[in-house]
Structures are given as C-alpha cells and as structure tokens.
Amino acid sequence: MGGDLGFYLVQALTGLSSASALFLVASGLSIIFGVTRVVNFAHGSFYMLGAYIAYTLIGHLGGALGFWVAVLLAGVAVGIIGVVVELLILRRVYQAPELFQLVATFGVILVIQDLALLVWGAEDLFGPAAPGLEGTVNLLGTRLPEYDLALIALSLFVLGALWLLFQRTRWGTLVRAATEDREMVGALGVNQAWLFTGAFFLGSMLAGLGGAAQLPKGGADLLMDFNILAAVFVVVVVGGMGSIAGAFLAAVLISELGAFGILLIPQSTLVLMFAVMAVVLIFRPWGLLGRPEAPGQHGQAGPPEPPLRPPPPRLRAAGLLLLAALLALPAFADDFTLVLAVEIAIMALFAASLHFAMGPGGMVSFGHAAFFGGGAYAAALLVKYAGSPMEVALLFAPAMAGVLALVFGWFCVRLTGVYLAMLTLAFAQVGWSIVFQWGEVTGGDDGILGIWPSEWASDRLAFYYLSVLASAGGILALQYVLHSPFGYAMRACRDSVVRSASIGIDVQRQQWLAFAFSGALAGLAGGLFVFSKGSVFPDEMSIPRSFDALIMVLLGGVKTLLGPIAGAVTFTWLQDEISRLEYWRLILGALIIAIVVAFPQGVAGFLRARAGPWFGIREMEA
Amino acid sequence: MTPANGAGADRGDGRGDGRGAGRGTGRIGGAAAGPELDGRAGPPGEPPRVPLLEVRGLCRAFGGVRAVDDVSFTLDRGRLLALIGPNGAGKTTCFNIINGQLAPDRGSIRFGGRELVGLAPHRIWRLGVGRTFQITATYPSMTVCENVQMALLSHHRRLLSLRGRASAQYRDEALALLERVGMAEQEDRPCSVLAYGDLKRVELAVALANAPSLLLMDEPTAGMSPGERIELMQLTAGIVAERNIAVLFTEHDMDVVFRHADHILVLDRGRLIADGAPEAVRANPRVRAVYLGSEDVALA
Ligand SMILES: Nc1ncnc2c1ncn2[C@@H]1O[C@H](COP(=O)(O)OP(=O)(O)O)[C@@H](O)[C@H]1O
Ligand SMILES: [Mg+2]
C-alpha cells in the first residue's frame with residue numbers, strides 16, 4: 001500500500017519536474033509575445049542554446065557552486081543573444097505589415113542550428129549530473145532523483161520571482177500594462193524600445209535557463225529546438241497567452257498528464273495532451289488564465305487590403321505568358337531544371353493554399369504541413385496497402401487532407417489570431433508524431449518508399465506536365481473560389497466578425513469550410529510531392545515544412561495574390577542552390593534575415609509598389 | 001419570421017402619407033415641433049395585439065457593473081422607438097443582447113412571438129432583425145457596393161456557393177439600396193476610405209438588404225452634420241412607414257430624437273427611468289435630472 005502511494009507520489013513529482021523546462025520556456029515566449037506581439041519561433045533555439053552553453057560552462061567551472069553558476073550564466077548569455085537578435089533584426093521590422101517578424105525569427109532558427117553544429121558538433125551531448133544532487137531520495141519506498149526536486153524548486157522560485165517582478169516593480173507593471181493595452185503604454189510616454197528589449201532579454205533568459213537546467217536530465221542535442229516548440233505552444237495556448245500563472249498551470253497539467261497518462265495507456269500521452277487541449281479550448285477559448293485577443297491584432301496589421309478586382313489585362317497576359325513559358329520549358333531545360341521546376345510548382349500550390357487561409361481567410365496556420373504531409377501520406381498509404389494507381393491516389397490525397405483539416409479546423413476556428421495559429425502548429429505536431437511513432441503502418445522514420453507515378457506519367461516529361469498543370473489548376477481553383485460568393489463570405493468574416501454575424505453569416509462554419517478547402521489543396525500538393533520523389537517521410541509533416549510554406553507566403557507578401565508564387569519560386573530556388581553547401585542553414589538563415597531587413601514590406605510588396613502600376617494594379621486611394 | 005410586408009402595406013401606406021406630409025414641412029423649429037410630434041403619438045384607437053418586439057426583465061452585468069438592469073419594453077411595427085441615456089447607460093449593451101451578440105444574465109426577448117435569447121446573431125438576422133453599429137462595422141477590403149452585395153448574398157443563401165463572381169451578383173439590388181441611402185455615386189470606392197457619416201449610410205443599406213422587420217440603429221447619425229442627421233432620420237422614418245417595419249435607435253442629438261421618435265425610453269446606469277411619448281419624457285423631472293449639466297443635450 002505504502003509502495004503504491006509512494007509510486008504515485010514519485011510519478012506526480014516526476015511530472016512536476018518535467019514541467020519546469022516547459023514552464024520556463026513558455027513563460028518566456030508569453031512575455032515576449034505580450035509586450036512585442038512577436039511570436040518568437042526562435043524560442044526553442046534559445047532553449048537549445050541554453051543547454052549547449054551550460055554544457056560548456058559547467059565543463060570549465062566545475063563543482064556544485066560552479067554548476068549552478070554555469071546554469072545561471074547560460075541563462076544570462078542566452079538573454080544577451082536574445083537582445084542582440086532584437087536589436088539587430090526585429091527592431092527593424094516591428095512596423096512591417098502582417099507577421100513578417102516570423103520570417104526573421106525563422107532565419108534566426110536556421111542560423112542558430114548551424115552555429116550550434118559548428119561549435120558543439122553533431123553528436124548528442126550527455127548532461128553532467130549536478131554535483132551534490134546525483135543521488136535519489138526514498139519517498140515511501142520509491143526512489144526519486146534528487147535533481148527532480150531541484151527542478152521543482154527552480155520552477156517555483158522562478159514563478160515567485162516573476163510574480164514579484166510583475167507586481168512589485170515599475171518595470172514589471174509596465175510590462176503588464178503593455179501586455180494588456182499597447183496603446184496605453186504609448187500614451188504613457190514610456191520608452192517603448194527599452195521595454196521591448198527588456199522583454200526580449202527576460203524571455204530569452206528564461207528559455208536559456210530552462211535549457212540549461214534540464215541538461216542533467218535531457219542533455220543537449222540539435223533537435224531540441226523544434227522538439228520543445230510544439231509542447232510550448234500547447235502550454236501557452238492552454239494557459240493563456242501573456243499569463244505567467246497560466247503558463248505554470250498548463251505546464252504542470254500537461255506534464256502530469258504525461259506522467260500519469262503513460263501508466264494508463266502507454267503511447268497515449270500525445271492523445272491525452274491533445275484531448276486536454278481540446279477540452280480546455282472548447283470551454284475557455286483564451287486559455288485557462290488568458291484574456292481574449294483584441295481583434296485585428298494578427299494578420300491584419302497595416303493598411304487594409306484594396307478590394308479584389310479581376311486581374312487587369314496586362315497581369316492576365318503576364319500570367320498566360322508564364323504558363324506558356326512553363327509549358328515550353330522542357331524544350332530548353334535539362335533534367336535538373338525540370339526537377340526543380342516541378343518542386344517549385346508543387347511548393348507554389350502549397351504556399352498558395354496557405355495564403356488562401358491566412359491572407360483572405362485571416363486564419364494564420366503555423367502547421368499547414370499537417371495537410372501537405374497528410375495528403376502525401378494518404379496517397380502513399382493508399383498505394384502501399386491498396387495498390388491503388390496514381391490517379392486515384394492523387395484524388396485521395398486532397399480528400400483525406402480535407403477531412404483532416406475539417407477535424408483540426410473544427411477546433412481551430414473557435415480561436416482567432418495567434419491562438420489559432422499556435423493550435424494549428426500543435427495539431428500538426430500531433431500528426432507528425434503519429435506518422436513518426438506508428439512505425440508498423442507508416443514506416444516511422446524510414447518513411448514509405450517506392451511510390452511511383454503510373455506508367456504514362458513515369459517519364460520525366462510527362463510527370464513534369466502533370467505536376468505543373470495540376471499545380472497551376474490548384475492555384476487557379478483557389479483564385480476562382482476567392483472570387484466566388486464563398487470566398488467573399490470568407491473574406492467578410494476576416495474583415496469583420498460582428499458585421500458578418502449580423503448579416504447572417506455563420507462565421508465559424510464559413511471559416512471552417514474555408515480552412516478545409518485550403519487543407520485539401522495543400523493535400524493535393526502533398527500528393528504530387530510523393531509521386532515526384534517516390535517516397536514520403538515524416539519530415540513532410542514537420543514544423544520546418546510548415547515554416548517553409550509560411551516563409552514563402554510571408555516573403556512574397558500576404559496582401560498580394562502573386563505573393564505566394566513569388567515566395568515559392570524565390571525560396572525553393574534559394575534552398576536548392578544553397579542546400580548542397582555544408583552550412584547551408586547558416587547561409588539560408590542569414591539570407592532570409594537580410595531579405596527581411598532589406599524589404600520590410602515583403603518582396604511582393606516591394607515589387608508591387610515598383611512594377612504594379614505598369615501591370616495596371618490599382619493601389620489604394622489615399 | 002413574419003413576412004408581413006404585404007399584409008401591413010395598407011396601414012403602412014397610410015402612415016407613409018402622413019410622414020410624407022411631415023417631411024414636406026421642412027425644417028422644424030423647436031416651437032413647431034410640439035404639434036408635429038403630437039400627431040405621431042401613436043394610434044390610440046387600435047385594438048391590442050402581439051407586439052413585434054417584447055423585451056422583458058433584461059439584465060446583464062459586466063463584473064460588478066450592471067450594464068442593463070431589468071429593462072422591459074415593447075415595440076410595434078411602424079414605430080420609431082428611441083433609446084436614450086448618457087454614455088455608458090447600457091444602450092449598446094441592450095442592442096448587443098437583442099441581436100444575439102451578448103447573452104443576457106436574465107430576461108426574455110420575444111420577436112414576432114419567438115424567443116431570441118439563446119439564438120446566435122446570424123440566426124436572429126435571418127428572422128428579420130437588421131443592425132447598424134455605433135462603431136461602424138463594414139468590410140474595409142470591399143467596395144461599398146460589395147458590402148451591400150455581401151448581405152444580399154447571405155439573404156439569398158448563396159454563402160457557400162462557388163458559382164460565379166460574387167462582385168457581379170445582386171449588383172442592381174445593391175445599387176438600388178445604395179441609391180436609397182444616397183451612396184450610389186460612391187459604390188465603387190473601398191469602404192476603408194469613406195468618411196464616417198458615409199459609412200453609417202452604407203451600414204443602413206446593408207441592414208436593409210434582407211428586408212428586416214426590425215431595425216436596430218446604434219447612433220446612426222454619429223459623425224454627420226446636423227443637416228445630414230435630419231436627412232438620414234427622415235429617410236429612416238420614410239422606410240419605416242413604407243415597409244411598415246419597426247426601428248429601435250439610440251441617438252445623442254435630442255433634436256433628432258424628439259423630432260423623429262414615436263416613443264422614448266430613457267436609460268440611466270442600466271435602469272429604465274422613463275418610458276413614454278416624447279412630450280411626457282421631455283417633462284419628466286428624473287430625465288431632466290440625468291441630463292442636467294450635459295451641454296450637448298438640449299432638452300428644453
Ligand atoms: N464588453 C464589455 N465588458 C465590460 N464592460 C462593458 C462591456 N460592454 C459594456 N460595458 C460597460 O457597460 C456599461 C454600458 O455600456 P454601453 O452599453 O456601451 O453604454 P452606452 O451604449 O449607453 O454608451 C458601461 O459601463 C460599459 O463600460
Ligand atoms: Mg453605445
């Protein structure tokens with residue numbers, strides 16, 4: 001009996017200790033978002049850096065005191081790195097339209113990944129035990145590592161310190177004020193730049209501290225950044241954006257579920273996490289302790305978009321010319337170019353599907369790879385298990401991706417703005433974990449191989465035409481729907497929810513169906529992708545794949561319909577050119593950052609301003 | 001839904017003529033307003049019947065603030081009911097509850113005999129309740145005409161349709177509505193560049209798109225010049241008469257209120273403190289006390 005009790009007690013404490021890293025990273029993300037409204041994708045990278053830097057420092061300092069000094073210093077160092085990122089990059093793009101800052105933070109992720117590889121190598125590093133805390137304690141007959149208790153103490157300490165900071169200091173009061181009401185802070189005449197930098201320091205430091213403190217348990221590796229990101233997003237969404245106590249509560253909830261869920265049904269932790277998130281969001285769409293996001297804060301910054309017009313004749317002609325050039329391309333180009341062109345066409349469709357949801361639909365998805373990968377896996381599984389021909393699989397892919405988007409979307413459209421975006425990422429990560437872990441069916445990490453086109457399309461040229469035409473068809477379908485009553489109603493819901501509801505539009509249903517349509521076309525892109533590669537891997541559903549699409553759309557410009565295509569061409573081509581180099585992430589990341597800093601209006605925004613008039617694109621009246 | 005546009009037409013026509021005459025008298029000074037308003041005080045001889053809108057015991061609190069506190073009233077077709085009161089009195093909250101945007105803590109709202117509490121805004125709209133907003137809510141990325149077309153597409157249940165260009169559908173109907181509110185010349189401008197008074201007009205056209213039997217207008221003339229205010233309210237009164245619909249409106253300009261309302265409700269800190277014909281309300285000492293000192297309101 002005592003043994004049982006001890007077992008449950010230890011299980012509960014283990015859960016609490018694993019909540020500590022989640023809490024530290026999530027509260028940091030929450031603080032940065034609250035003050036600057038930047039969703040810092042690089043937050044996972046800061047966490048990873050914290051672990052690596054602490055590893056090095058512990059090696060140099062040694063001893064029990066040295067260990068904790070190293071952990072603290074690692075936190076401070078990461079805080080300073082955060083400040084550097086804020087000062088050098090983000091400060092230049094706060095005024096940029098839409099979510100352009102996201103692109104910059106993604107560039108930072110890439111740079112940090114390669115820098116970590118350069119400095120610490122590709123091998124996973126085992127964390128040193130904390131001196132003095134190597135042992136275990138006996139709790140009613142079950143053993144618990146002493147270090148787990150230290151982690152619990154650390155998170156309680158940080159929770160208390162943050163509470164004091166926010167309740168008892170002037171700076172903390174300003175941060176709270178900024179989180180609740182941006183305009184007010186501006187009106188108070190507070191030095192906003194200083195507040196932003198401070199928030200970045202604090203938030204990054206917390207992430208670094210989280211990474212450093214978990215070193216003895218989890219070590220340091222190059223996948224830490226993305227691995228924690230989804231869980232952190234779940235914690236922030238469940239806890240409530242901008243709420244430290246909410247982040248703590250949610251981190252504990254999620255971690256305890258992990259600790260006990262594994263007893264109920266092993267492998268169920270993800271499903272449980274998913275279920276809890278769903279339940280919380282149905283009853284409290286703004287999280288346990290959060291508050292509703294003020295409308296119009298996400299995706300709709302900057303001047304309103306001009307009304308949708310039919311493409312002017314010159315633009316139409318340019319489009320036709322482009323299509324003609326694509327059709328004529330095989331006559332001039334070599335095989336490598338054709339392969340690249342196929343990839344660009346598929347990515348353009350993927351990006352256009354995301355643009356449909358996040359631009360005119362106003363539903364930013366951080367996890368669109370769920371539908372791209374979902375379509376890809378649907379096609380591959382159908383071929384593998386049912387021996388289906390390519391033609392059927394290519395219809396099955398968008399259908400299944402659409403169904404998946406209906407399921408995810410049912411929850412997502414209950415939220416708005418950044419909550420919706422983070423939820424999509426969390427869902428996508430659930431999808432990724434399923435294909436990754438369900439090895440018997442999906443092949444797990446080894447993927448599914450040997451998915452080739454039908455006889456008639458297996459020739460390079462035939463497949464080129466098939467994929468280019470299917471992609472172009474998909475993009476045109478998105479355009480067509482955008483101009484249809486359905487598309488207008490979707491845009492109406494983005495423009496004004498209250499107005500839409502008061503002219504009889506069921507806003508959630510409209511957005512739900514639009515989200516599913518966007519997901520279905522991402523699935524078509526995924527289906528084409530499988531047959532172009534002959535294989536599919538969990539990577540197609542991973543966070544980086546989602547971010548690819550996001551970057552294409554944002555680089556191109558959310559407010560223009562050509563944006564996603566321009567973005568797909570630029571990004572896919574760049575990636576193809578660079579990925580053969582050794583430290584390609586570093587170069588690509590630096591390039592992305594450079595583009596963001598050079599064109600804070602987006603590439604397409606820049607082109608539109610320069611070349612738009614010639615094509616007869618009407619700008620807004622003054 | 002009470003498709004009584006036809007049924008009530010004869011009565012509406014009669015009143016319409018009366019109003020037409022009223023409009024014909026042109027600008028009405030303070031002194032001339034009395035008899036004019038007397039003529040509108042409502043037909044006393046009519047037999048009692050079920051009112052179009054019947055609000056009973058409506059309550060809604062925000063935290064400790066009782067924004068709406070036990071409000072009851074009724075509204076018949078063909079009538080203009082003004083809901084007045086100082087800022088923060090709870091007028092907008094009342095509107096938000098009636099059109100389903102907010103759930104009341106208590107109370108009931110019967111519309112054409114049907115309970116509205118618990119219905120979503122889009123359902124309430126389909127029953128025939130149109131709405132304009134104090135802070136205008138239009139679609140900035142659409143043209144004026146498209147804003148109205150959107151409401152028409154919804155009215156014709158084409159929201160899920162993939163057929164055709166939306167901007168080419170119900171255009172003539174939309175233009176006719178815009179003509180009615182005096183916005184036809186600006187039909188091709190994006191709503192994001194309109195003057196505030198013009199946005200209010202667009203909202204009226206949008207609200208009329210599904211031929212509502214009840215129109216909720218929250219400060220419909222805010223941002224307009226005095227001349228425009230009179231014009232817009234005369235237009236509204238004309239529509240009320242012609243279509244035999246009911247209008248519930250809030251307004252800060254007392255000149256507009258006393259000239260156009262058939263009946264006035266006065267709200268103060270969530271509570272109804274007066275409910276009566278304009279002259280009675282004007283004479284009510286409690287109302288005078290609430291408005292005392294606020295210079296933009298001339299009750300005398
Ligand atoms: N969503 C809300 N949350 C909190 N308080 C609100 C909300 N809406 C209105 N209130 C409060 O309710 C009271 C009535 O507001 P409102 O109905 O807008 O008044 P009016 O339209 O008469 O100016 C005010 O005290 C206002 O602050
Ligand atoms: Mg109001």
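By convention in this document, chain letters (A, B, ...) are assigned in the order of the sequence lines, proteins followed by strands, and residues within each chain are numbered from 1.
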From the list A/Leu308, A/Ile505, A/Val497, A/Val507, the residue making the most non-hydrogen contacts under 4.5 Å with chain B is A/Ile505
What's the spacing between A/Ser502 OG and B/His122 NE2 if we round to 0.5 Å?
-> 12.0 Å
Toward chain B, the part of A/Leu513 with a non-hydrogen atom under 4.5 Å = side chain
Are there more than 12 heavy atoms of other residues, nucleotides or ligands under 6.0 Å from atom CZ of B/Arg56?
-> yes
CZ (A/Arg176) with more than 12 external heavy atoms under 6.0 Å = yes
Hey, could you give me the OG/CE distance between A/Ser500 and B/Met150, rounded to the nearest 0.5 Å?
-> 7.0 Å
Is the closest basic N to carboxylate O distance between B/Arg126 and A/Asp506 below 4.0 Å?
-> no
When rounded to the nearest 0.5 Å, the distance separating OH of A/Tyr480 from CG of B/Leu162 is 7.0 Å
Approximate separation, where rounding is to 0.5 Å, of B/Arg165 CZ and A/Leu482 CG | 10.0 Å
Got B/Asn210 and A/Ile503 here, is their nearest side-chain heavy-atom distance under 4.5 Å?
-> no
Validation row: B/Tyr139, A/Pro307 side chains within 4.5 angstrom (heavy atoms) = no
What part of A/Pro310 is in contact with chain B, defined as an atom under 4.5 angstrom from a non-hydrogen atom: side chain, backbone, both or neither?
-> both
Evaluate the side-chain proximity of B/Thr143 to A/Arg309: yes if any heavy-atom separation is below 4.5 Å, no if none is.
-> yes
Taking the side chain as C-beta and beyond, is there a heavy-atom pair between B/Phe133 and A/Val498 under 4.5 Å?
-> yes
Look at B/Ser167, B/Cys191, B/Ala151, B/Gly164 and state which one has the largest set of heavy-atom pairs under 4.5 Å with chain A.
-> B/Gly164
Nearest heavy-atom pair of A/Ala489 and B/Leu159: which atoms, and what distance?
-> CB-CD2, 3.7 Å
Would you mind telling me which of B/Val129, B/Leu160, B/Leu153, B/Ile124 has the largest number of heavy-atom pairs within less than 4.5 Å of chain A?
-> B/Leu160
Could you give me the CA-CA distance, side-chain angles and deciding distance for B/Gln149 and A/Tyr488, then say whether side-chain contact (heavy atoms from CB on, under 4.5 Å) is met?
-> CA-CA 10 Å; B/Gln149 284 170 283; A/Tyr488 262 64; over 6 Å; no
For chain B, find which of A/His483, A/Met490, A/Arg509 contributes the most heavy-atom pairs closer than 4.5 angstrom.
-> A/His483
Sub-3.5 Å donor-acceptor pair from the side chain of A/Arg491 to the main-chain atoms of B/Ser141, do we have one?
-> yes
Distance col, row A/Ser484:OG vs B/Arg158:CZ, nearest 0.5 angstrom, shows 9.0 Å
Could you look at B/Thr138 and say if it's the side chain, the backbone, both or neither that has a heavy atom under 4.5 Å from chain A?
-> backbone
From CA spacing to verdict: side-chain contact (heavy atoms from CB on, under 4.5 Å), A/Arg499, B/Glu203 = CA-CA 9 Å; A/Arg499 169 46 72 203; B/Glu203 280 214 318; 2.8 Å; yes
Sort out for me which of A/Gly504, A/Pro360, A/Ser496 touches chain B most, counting heavy-atom pairs under 4.5 Å.
-> A/Gly504
Within 6.0 angstrom of B/Ile135 CD1, more than 12 heavy atoms from elsewhere = no
